[in-house]
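Heads up, the thing below is written out as structure tokens.
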Amino acid sequence: MQTCYGTRSLHFAARHCVRWSRHKSTAARPGKLGDPSMTLLTEPRMNQAMLEHLKPELLLGKYGVVGEPLPFPFGPDSPLFLQHKWTDFLEQFILPNVITEEKTRMADVSGIEQRTETITGTDGNSIELFIATPKGSGPSPGLLHTHGGAMTFMSTNDLMYRNYRAFLASRGFVVVSVEFRNASGKLGPHPYPAGLTDCMSALAWTDANRERLGISKLVLHGDSGGGNLCSAMAIRAQREGRLREFDGVYAMCPFIAGPKVWSAKALKSLLECEGYFIDMKAFLVCARLYDPELRSLDDPCAWPLVAKPADLKGLPPHMISVNELDPLRDEGLAYCEKLKGAGVSAESRVVKGTPHAGEFACSNVPGCEPIFDETLDSIMAFAESL
């Protein structure tokens with residue numbers, strides 16, 4: 001039975017978060033398990049305010065956050081250069097037109113300060129860190145944030161993540177966001193473990209500068225591919241004897257199972273929510289870009305869900321937040337159970353009625369803002385519990 005955190009007193013509003021075991025016992029063959037033709041447009045569990053607000057933005061009336069995933073033109077076995085061309089196209093033409101200032105509820109930045117630092121990574125490369133801090137506050141919880149994009153594309157300086165960083169800082173966090181090397185796109189191509197190595201370099205710098213940054217407790221935090229990286233950082237820190245450098249991990253909708261699990265469709269949510277905003281072909285293509293020779297399928301620093309108890313022993317507390325209508329939902333919940341089995345203090349929460357990373361879309365939808373705001377409260381509650 002998972003615990004749902006949400007407000008500073010560690011209670012998440014019941015209308016947005018459910019205990020997964022209770023949902024499991026009351027839902028008879030949900031999603032595509034009961035109706036293979038179901039989409040988010042017809043899914044009865046879908047948040048209706050979010051659906052109605054975003055439905056007009058669907059491309060061709062069907063593709064988008066509340067519809068079907070944009071068709072991926074290449075499969076994992078296609079030539080790598082074609083896969084790289086597709087991520088270039090996504091970054092240059094699709095994402096900038098989907099995530100715009102006109103459609104975004106922008107954070108109030110009047111109470112925060114923002115700057116950048118450039119550090120030298122372990123591999124001798126330059127790593128840009130984007131830092132946001134509350135003005136005039138004493139020691140505050142810190143977040144080392146790793147952005148989403150399947151470790152393959154996007155940037156922490158994209159509009160969505162600039163705004164997210166500002167929201168977090170306005171809630172009282174000191175935020176250090178890592179511009180790590182991606183496996184593809186404008187920050188690539190740098191396959192595994194380049195991006196993770198950059199994150200470890202950022203962790204060492206952030207820990208060494210806690211006093212100057214005004215950080216009390218430091219939490220590794222990321223969403224989707226960033227949820228992979230913050231989870232993998234903890235495992236790698238255990239390997240390297242560096243667990244003292246951070247105090248907890250908060251992973252949102254983590255992309256952690258890897259090609260073996262996805263190809264076998266070994267988790268219920270992969271079938272129940274298949275094609276809800278994201279799809280299997282995209283997962284597998286990103287995994288190939290991240291690990292082109294597929295040599296790291298059993299490496300928990302690449303795919304944390306394959307971790308064994310010895311890989312997890314001694315890790316600090318974890319919170320795993322997943323979305324009810326996300327194909328990745330059950331890998332996050334399974335990882336939480338693995339952590340518990342290894343003796344780690346770990347809890348999970350399920351955000352009702354939302355697809356993959358739906359909290360970000362909710363931040364811009366009238367009537368859905370509480371889902372985003374309560375997620376920020378949940379992160380703060382976790383940090384303050386450490």
Side-chain angles (χ1 to χ4, degrees), residues 1-21 132-134 137-146 164-165 167-177 203 206-207 210-211 213-223 226-227 229-235 237-238 242-254 256 304 312-323 332-352 359 370-386:
M1 183 79 74
Q2 283 78 34
T3 299
C4 297
Y5 290 158
T7 64
R8 293 177 189 273
S9 60
L10 303 183
H11 297 292
F12 189 75
R15 67 185 181 279
H16 297 310
C17 186
V18 296
R19 294 182 187 275
W20 176 239
S21 58
T133 61
S137 64
S140 304
L143 297 175
L144 181 62
H145 180 253
T146 46
Y164 184 53
R165 183 162 54 250
F167 269 116
L168 290 168
S170 69
R171 288 297 180 101
F173 287 104
V174 174
V175 189
V176 179
S177 300
L203 171 59
T206 304
D207 177 58
R210 283 199 198 211
E211 185 175 354
L213 293 167
I215 290 175
S216 53
K217 300 292 185 178
L218 179 60
V219 175
L220 309 183
H221 172 48
D223 59 285
L229 288 169
C230 68
S231 302
M233 288 169 68
I235 295 171
Q238 190 246 44
R242 297 173 54 185
L243 290 178
R244 54 157 295 279
E245 295 181 14
F246 63 102
D247 303 287
V249 178
Y250 193 112
M252 291 169 55
C253 53
I256 53 175
L312 306 175
K313 186 176 181 181
L315 295 188
H318 279 57
M319 179 58 140
I320 311 295
S321 179
V322 298
N323 302 93
L333 296 178
Y335 187 58
C336 184
E337 293 305 311
K338 275 200 168 187
L339 288 162
K340 290 179 180 179
V344 178
S345 174
E347 303 291 342
S348 64
R349 62 191 287 264
V350 179
V351 184
K352 289 184 65 177
E359 296 92 327
I371 296 177
F372 175 73
D373 295 337
E374 288 162 359
T375 292
L376 301 189
D377 286 340
S378 171
I379 301 168
M380 179 61 78
F382 174 73
E384 290 181 339
S385 73
L386 298 173

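A donor-acceptor pair under 3.5 Å is absent between the side-chain atoms of Glu347 and the main chain of His318, judged by distance alone. Using a distance-only test at 3.5 Å, with no hydrogens or angles considered, no donor-acceptor pair links the side chain of Ser231 to the main chain of Pro304. Remark: side-chain polar atoms of Arg210 are paired, donor with acceptor, to backbone N or O of Ser216 under 3.5 angstrom. Side chain of Asp247 to main chain of Leu218: a donor-acceptor pair is present (N/O by atom type, distance under 3.5 Å, no hydrogens or angles). Judged by distance alone, with hydrogens and angles left aside, the side-chain atoms of Thr146 form a donor-acceptor pair with the main-chain N or O of Gly226 at under 3.5 Å.
When the ring pair (Phe, Tyr, Trp, His ring centres under 6.0 Å) test is applied to His145, the partners found at least two apart in sequence or on another chain are Tyr161, Tyr164, His221.
Atoms OG and CG, from Ser345 and Leu315 in turn, are 11.5 Å apart once rounded to the nearest 0.5 Å. The CZ atom of Phe246 lies 13.5 Å from the CG atom of Leu143; values are rounded to the nearest 0.5 Å. Separation of atoms CE (Met380) and OG1 (Thr375) is listed at 13.5 Å; rounding is to 0.5 Å.
In terms of heavy atoms, Pro316 sits closest to Val344 at O-CG1, 3.4 Å. Counting all heavy atoms, side chain and backbone alike, Val175 lies closest to Ala169 at CG2-N, 4.0 Å. The two atoms that bring Ala383 and Val219 nearest to each other are CB-CG2, 4.1 Å, heavy atoms only. Residues Ala132 and Arg165 share a closest heavy-atom pair of CB-CG, 3.7 Å.
For the side-chain contact (heavy atoms from CB on, under 4.5 Å) criterion with Cys230, the lone passing option out of Leu203, Val249, Asp223, Leu144 is Val249.
The shortest side-chain heavy-atom distance between Leu333 and Val350 falls under the 4.5 Å cut-off. Two residues are said to be in side-chain contact when any heavy atoms from C-beta on lie closer than 4.5 Å; Pro317 and Phe382 meet this criterion.
The pair Asp207-Arg242 does not count as a salt bridge, with every side-chain nitrogen at least 4.0 angstrom from each carboxylate oxygen.
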For this session: Go through the steps to decide whether Tyr250 and Ser378 satisfy the test side-chain hydrogen bond (donor to acceptor under 3.5 Å, both in side chains), and finish with yes or no.
Result: CA-CA 10 Å; Tyr250 193 112; Ser378 171; 2.8 Å; yes

